[in-house]
Trainee: 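This structure is in structure tokens; I'll ask about it shortly.
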Amino acid sequence: MSCTNLVTLNLRVNHLEGDLSAFNFSTLQCLNTLDLGNNNFTGTLPLSLYSCKSLTAVRLASNQLEGHISLAILVLRSLSFLSISTNKLTNITGAIRILKEVKNLTTLILTKNFMNEAIPNDENIIGEGFQNLQILALGGCNFTGQVPKWLAKLKNLEVLDLSQNRISGLIPSWLGSLPNIFYIDLFANLISGEFPKELTSLWALATQESNNQVDRSYLELLVFVMPNNATSQQRYNQLSSLPPAIYLRNNNLGGNIPEAPIAISSCVRSQPE
């Protein structure tokens, strides 16, 4: 904490431990990127971290952090990448209401938190928020409810992970109206009904032209994915590297798959960290 000129701190994948909320990050005013993922930190999200106003990317994934998202995070106006997956956070409704106000957020990964809560479905919960969001991962939370209606407002969304929950109901046809989405993971839910024909017209999945025009900007931090039947994680540092796919395995779908120019993948699934 005495390295006051520190810009990047990456201590990912170690055996570090301790109460993270007891650390004083306020001396690191130049800090831009913080990655403490895959350690054994406990405690709550450290309030002193929000004094690092230059932060653009934060990963605290795969620790043992508890508590909830605080309003104090709104002071991080440059924050673009946030991953707190595989912890013990609570109150997903409060988290969405707060994080929608982080205007520059492009990547939000909250998988394996908020266990057994109901996923908020009020289409007005985000207002005009999340307009820059490109990656949203809410898998592995055992959420109940239906595919949230407010997702229809995320016109820049490209990657959506709602896998390994208890989401029921139908696959909403409005998913087909999201102009940039090319990766949809609904694996292992309780979804029923038919495959909506509207998904067959997803531009980002149906045409080579869309692949040529996908946003190839680099992510602030690598996204790590462990596909089924793989022995090691795959690393993605830009959106265009992720495989275009729709994952629907382990649901209660019926009927026919409509004829379409896209390939529906059911052999491999993955979950971002």
Trainee: With a 4.5 Å heavy-atom cut-off, do Asn10 and Thr33 have their side chains touching?
Mentor: no

Trainee: Does the plane of the ring in Tyr247 sit parallel, tilted or perpendicular to the ring in Tyr183? Use 30° and 60° as the thresholds.
Mentor: perpendicular

Trainee: Could you pull out the closest heavy-atom pair between Asn113 and Asn87, with the gap in Å?
Mentor: OD1-C, 3.0 Å

Trainee: Heavy-atom count check: over 12 atoms from other residues, nucleotides or ligands less than 6.0 Å from Asn256 CG?
Mentor: no

Trainee: Got Phe130 and Leu136 here, is their nearest side-chain heavy-atom distance under 4.5 Å?
Mentor: no

Trainee: Grab the two heavy atoms, one from Leu99 and one from Leu105, that are nearest each other, plus how far apart they are.
Mentor: O-CD2, 4.2 Å

Trainee: Are Leu71 and Leu55 connected in a single hydrophobic cluster, I mean Ile/Leu/Val/Met/Phe/Trp/Tyr linked by side-chain heavy atoms less than 4.5 Å apart?
Mentor: yes

Trainee: Where the side chain of Asn251 meets the backbone of Asn189, is there a donor-acceptor pair that is under 3.5 Å apart?
Mentor: yes

Trainee: So how far is it from Lys53 NZ to Ser78 OG, rounded to the nearest 0.5 Å?
Mentor: 10.5 Å

Trainee: Cluster question for you: counting only ILVMFWY and a side-chain heavy-atom cut-off of under 4.5 Å, with indirect links fine, are Leu170 and Leu151 together?
Mentor: no

Trainee: Phe195 versus Pro258: any side-chain heavy-atom pair under 4.5 Å?
Mentor: yes

Trainee: Do you know which two heavy atoms are closest between Lys153 and Glu123, and how far apart they sit?
Mentor: NZ-O, 2.9 Å

Trainee: Gln146 side chain to Ile119 main-chain N or O, any donor-acceptor pair under 3.5 Å?
Mentor: no

Trainee: Are Asp122 and Trp150 packed together at the side-chain level, in the sense that at least one heavy-atom pair is separated by less than 4.5 angstrom?
Mentor: no

Trainee: State, yes or no, whether a side-chain contact exists between Leu79 and Tyr50 at a heavy-atom distance under 4.5 Å.
Mentor: no

Trainee: Would you say the side-chain atoms of Asn142 and Asn116 include a donor-acceptor pair closer than 3.5 Å?
Mentor: yes

Trainee: Taking it one step at a time, do Ser26 and Met1 satisfy side-chain contact (heavy atoms from CB on, under 4.5 Å)?
Mentor: CA-CA 8 Å; Ser26 63; Met1 296 306 176; over 6 Å; no

Trainee: Could you check Asn132, Asn104, Thr107, Thr106 and say which one makes a side-chain hydrogen bond (donor to acceptor under 3.5 Å, both in side chains) with Ser80?
Mentor: Thr106

Trainee: Please round to the nearest 0.5 Å and tell me the distance separating atom CG of Asn165 and atom CD of Glu117.
Mentor: 11.5 Å

Trainee: At what distance, to the nearest 0.5 angstrom, does NZ of Lys155 lie from OG of Ser177?
Mentor: 4.0 Å

Trainee: Heavy atoms, side chains only, cut-off 4.5 Å: are Val159 and Phe182 in contact?
Mentor: yes

Trainee: Rounded to the nearest 0.5 Å, how far apart are CG of Leu28 and OG of Ser48?
Mentor: 8.5 Å

Trainee: Which pair of heavy atoms, one from Ala118 and one from Ile92, lies closest together, and at what distance?
Mentor: O-CG2, 3.6 Å

Trainee: Which pair of non-hydrogen atoms, one from Asn39 and one from Leu16, has the smallest distance, and what is that distance?
Mentor: OD1-N, 3.1 Å

Trainee: Would you say Asp161's side chain and Ser163's backbone share a donor-acceptor pair under 3.5 angstrom?
Mentor: yes

Trainee: Taking all non-hydrogen atoms of both residues into account, name the closest pair between Pro196 and Ser173 and its distance.
Mentor: CB-CA, 4.3 Å

Trainee: Would you say Lys103 has more than 12 foreign heavy atoms packed within less than 6.0 Å of its NZ?
Mentor: yes

Trainee: Of the options Leu199, Leu157, Ile246, which is the one that meets Leu175 in a side-chain contact (heavy atoms from CB on, under 4.5 Å)?
Mentor: Leu199

Trainee: Does any part of the side chain of Leu162, heavy atoms only, come nearer than 4.5 Å to the side chain of Pro148, both counted from C-beta?
Mentor: yes

Trainee: Establish whether Leu65 and Val13 are linked, either directly or via other cluster members, by ILVMFWY side-chain heavy-atom contacts under 4.5 Å.
Mentor: no

Trainee: Between OG1 of Thr56 and CG of Leu34, what distance do you get to the nearest 0.5 Å?
Mentor: 10.5 Å

Trainee: Please determine whether side-chain contact (heavy atoms from CB on, under 4.5 Å) holds for the pair Phe25 and Leu20, giving the CA-CA distance in whole Å, both sets of side-chain angles, and the decisive distance to 0.1 Å.
Mentor: CA-CA 10 Å; Phe25 289 89; Leu20 194 64; 4.2 Å; yes

Trainee: About how many Å separate CG of Leu253 and OG of Ser192, when rounded to the nearest 0.5 Å?
Mentor: 7.5 Å

Trainee: Starting from Leu11, can I reach Leu82 by hopping between I/L/V/M/F/W/Y residues whose side chains sit under 4.5 Å apart?
Mentor: yes

Trainee: Run the side-chain contact (heavy atoms from CB on, under 4.5 Å) test on Val102 and Leu76 for me, step by step, so that the C-alpha distance in whole Å, both residues' side-chain angles and the decisive distance to 0.1 Å come before the verdict.
Mentor: CA-CA 8 Å; Val102 183; Leu76 300 182; 5.9 Å; no

Trainee: Using side-chain heavy atoms (C-beta onward) and a distance below 4.5 Å, is Asn40 in contact with Gln64?
Mentor: yes

Trainee: Does one hydrophobic cluster hold both Leu190 and Ile184, with members joined at side-chain heavy-atom distances below 4.5 Å?
Mentor: no

Trainee: side-chain contact (heavy atoms from CB on, under 4.5 Å), that's the test. Do Ile73 and Leu45 meet it? Break it down for me.
Mentor: CA-CA 10 Å; Ile73 199 172; Leu45 301 178; over 6 Å; no

